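Each residue takes its place number in the sequence, starting with 1. It should be emphasised that the depicted structure is a prediction, and the values quoted were computed from it without experimental measurement.
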Amino acid sequence: MRFCLSNHHLFLLKSTFRYPTIYSAKTLLPFSTATSTTQTHFLVDYLIQKCGLSREKANSASKTLTHIKSPEKPNSVLDFLKQSGFNDTHIRDLISKQPRLLTVKVENTLKPKFLFFQELGLYGTPFAEIASRYPYFLSYSIEDHLQPTISYLRSFLHTNDKIVRAIKKWAQVLSYDLQKQIMPCIEVMRKCGITDHQISTLIFNHPFFLTQGPQWIETLVTRVEKFGIERGSRMFVYGVLAMGKMSETTMEAKLELLKSFGWSEQDILVAFQKEPRFMNMSEGKVRAVMRVLMVELGLNPCEIASRPKVFLISLEKVLLPRHEVLKILKGRGLVKERVQLFTLANMSGESFLKNYVIRYLDRAPELREAYMVPLGISR
């Protein structure tokens, strides 16, 4: 008699334990394999239909969920996620990265963590977006990991709102070891003369600095010192920040680009010491600004290097339209030749519009086209 996996299967298994001398382990093997295969098919179909995974990802994820025997627990997890503001896309991304979440108990594991972040001010769609992008922190203990990390961040950021905003920028910070990774980074910064206030600003705007390790921070410090910025100086933290945003290879490429425009090493040092962030501008931005300042205005590298903040100003919204206005005003003799674009570029939009556009519209109506139209201002 040939048995198939169906209603007879359970009967056969019961019979096996009742009559062990008749059904040996060898005899059971085909039925065990059939059970495993059927279970796998169930999980794959479930992951595809209920969680939105592709067949390839569902096959991979199912290998970590072989102990699931029924949809009861996974269903409770999915229901809870939907009630918490997760949409289908959030669920798909979350489960594809952390399929084991389908095996946890909602009341004992998921709900307390969701409430923890809700009390922090992070819930609903914003929390769903973070968790679906980087869900690994959901596997950490509240008492042993999440709470100590949040408390430590609060000692610098002070408010829940700032903590939440930092987490939104770099949710991975919640997954790093407080004692072995985050705190050592802070201690290195302090030893280098970076104040707690500066560290607070750094954490708030660029929390990834806490996750790269103390040796990485020390490497950045060494690179900054080579550019002549001393530890403890006001610009030191900005130098560390600038270096942290680019690899050494990228930095070398930026230096070669500047030298191709005639910058000397001294010009580069002067510019970096005044405004380190100028090194983070894209090569396209650097080329475009250099073209305006050197080709059209005839400025030399030394003059540009002494005003590196010009690279931080929007080319399309500020530099180019104000450059066009200045050309018109000088061409008509309405302003003195010594008026420089650097001066106008640092003015507020309201002040520039009032003093250099509206003031001269009756004598130079083309200013409207040169400045107002490119900025989307109605005629």
I would like to know whether Ser247 and Thr250 meet side-chain hydrogen bond (donor to acceptor under 3.5 Å, both in side chains); could you show each step before the answer?
CA-CA 5 Å; Ser247 66; Thr250 300; 3.0 Å; yes
Go through Gln172 and Arg133 one step at a time and tell me if the side chain to side chain contact (heavy atoms under 4.5 Å, CB included) criterion holds.
CA-CA 10 Å; Gln172 292 94 316; Arg133 287 201 314 269; over 6 Å; no
Carefully, step by step, assess Ser151 and Gln147 under the rule side-chain hydrogen bond (donor to acceptor under 3.5 Å, both in side chains).
CA-CA 6 Å; Ser151 296; Gln147 182 62 61; 3.0 Å; yes
Please evaluate residues Thr149 and Leu146 with respect to the criterion side chain to side chain contact (heavy atoms under 4.5 Å, CB included), reporting the C-alpha separation (whole Å), side-chain torsions for both, the decisive distance (0.1 Å), and the verdict.
CA-CA 5 Å; Thr149 300; Leu146 295 175; 5.9 Å; no
Could you walk me through whether Phe156 and Ile199 pass the side chain to side chain contact (heavy atoms under 4.5 Å, CB included) check?
CA-CA 8 Å; Phe156 287 96; Ile199 292 174; 3.8 Å; yes
Would you check, one step at a time, whether the test ring-ring contact (aromatic ring centres under 6.0 Å, His included) holds for Phe137 with Phe117?
CA-CA 11 Å; Phe137 67 86; Phe117 285 103; 5.3 Å; yes
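Proximity of the aromatic rings of Phe236 and Tyr238 is defined here by a centroid distance below 6.0 angstrom, and this criterion is not met. Taking the six-membered ring wherever Trp is involved, the centroid distance between the rings of Phe114 and Phe127 falls below 6.0 Å. In this structure, the ring of Trp170 has its center no less than 6.0 angstrom from the ring center of Tyr134.
Checking side-chain atoms of Lys259 against main-chain N and O of Ser264 turns up no donor-acceptor pair under 3.5 Å. Counting only distance, with no hydrogens or angles, the side chain of Lys254 and the backbone of Met279 share a donor-acceptor pair below 3.5 Å. The closest donor-acceptor contact from the side chain of Ser351 to the backbone of Met347 lies at 3.5 Å or more, if one exists at all. Under the 3.5 Å distance criterion, the side-chain polar atoms of Ser200 are matched with a main-chain donor or acceptor of Asp196. Although no hydrogens or angles enter the test, the distance criterion places a donor-acceptor pair under 3.5 Å between the side chain of Lys97 and the main chain of Ser132. In this structure, Lys73 contributes its side chain and Thr103 its backbone to a donor-acceptor pair below 3.5 Å.
For Tyr140, the OH atom counts as densely surrounded, since its 6.0 Å shell holds more than 12 non-hydrogen atoms of other residues, nucleotides or ligands. Environment of CZ in Arg154: crowded, with over 12 heavy atoms of neighbouring residues, nucleotides or ligands closer than 6.0 Å. More than 12 heavy-atom neighbours from other residues, nucleotides or ligands sit within 6.0 angstrom of NZ on Lys330. Other residues, nucleotides and ligands place more than 12 heavy atoms under 6.0 Å from the CD atom of Gln340. Counting non-hydrogen atoms of other residues, nucleotides and ligands closer than 6.0 Å to OH of Tyr123 gives a total of 12 or fewer. Counting heavy-atom neighbours within 6.0 Å of Asp79 CG, excluding the residue itself, gives a total above 12. Within a 6.0 Å sphere centred on CZ of Arg231, other residues, nucleotides and ligands contribute more than 12 heavy atoms. The environment of Lys226 atom NZ is sparse: at most 12 non-hydrogen atoms of other residues, nucleotides or ligands sit within 6.0 angstrom.
For the pair Arg322 and Tyr371, the cation-pi criterion (under 6.0 Å, within 45° of the ring axis) is not fulfilled. Both cation-pi conditions hold for Lys169 and Phe204: the charged atom is under 6.0 angstrom from the six-membered ring centre and inside a 45 degree cone around its axis.
No continuous path of ILVMFWY side-chain contacts below 4.5 Å connects Tyr136 to Tyr176, so the two sit in separate hydrophobic clusters. Placement of Val164 and Leu115 in two distinct hydrophobic clusters is found when ILVMFWY residues are connected by side-chain heavy-atom separations under 4.5 Å, directly or transitively.
Residues Leu299 and Ile304 approach most closely at CB-CG1, 4.1 Å, considering heavy atoms. When every heavy atom of Phe227 is checked against every heavy atom of Met251, the shortest pair comes out as CE1-SD, 3.9 Å. Nearest heavy atoms, Lys57 versus Ser96: CD-CB, 4.1 Å. Nearest heavy-atom pair, Ala271 versus Pro308, reported as atom, atom and distance to 0.1 Å: O-CG, 3.4 Å.
Between Arg92 and Cys51, every side-chain heavy-atom pair lies at or beyond the 4.5 Å cut-off. Residues Leu367 and Ile358 fail the side-chain proximity criterion, which asks for heavy atoms closer than 4.5 Å. Proximity of Pro74 to Lys50: side-chain heavy atoms (C-beta onward) are nowhere separated by under 4.5 Å. Side chains of Val289 and Ile313 form no contact here, defined as non-hydrogen atoms less than 4.5 Å apart. The shortest distance between side-chain heavy atoms of Phe261 and Arg291 does not fall below 4.5 Å. The shortest side-chain heavy-atom distance between Leu210 and Leu153 falls under the 4.5 Å cut-off. Between Ile182 and Asp177 there is no side-chain heavy-atom pair separated by less than 4.5 Å. Residues Leu78 and Leu102 are in side-chain contact: their nearest non-hydrogen atoms beyond the backbone lie under 4.5 Å apart.
One finds no salt bridge joining Glu218 and Arg223 here, because no Lys/Arg side-chain nitrogen approaches an Asp/Glu carboxylate oxygen to under 4.0 Å. Under 4.0 Å is where a charged nitrogen must lie from a carboxylate oxygen, and between Lys105 and Glu107 no such pair does. The existence of a salt bridge linking Glu129 and Lys168 is excluded, since no basic side-chain nitrogen approaches an acidic carboxylate oxygen closer than 4.0 Å.
Applying the side-chain contact (heavy atoms from CB on, under 4.5 Å) test to Glu187 and every residue at least two apart in sequence or in another chain returns Arg190.
Between His90 and Phe86, the ring planes are perpendicular. Angles over 60° get that label, and only those under 30° would be called parallel. Taking the six-membered ring for Trp and thresholds of 30 and 60 degrees, Tyr360 and Tyr356 have ring planes inclined between 30 and 60 degrees apart.
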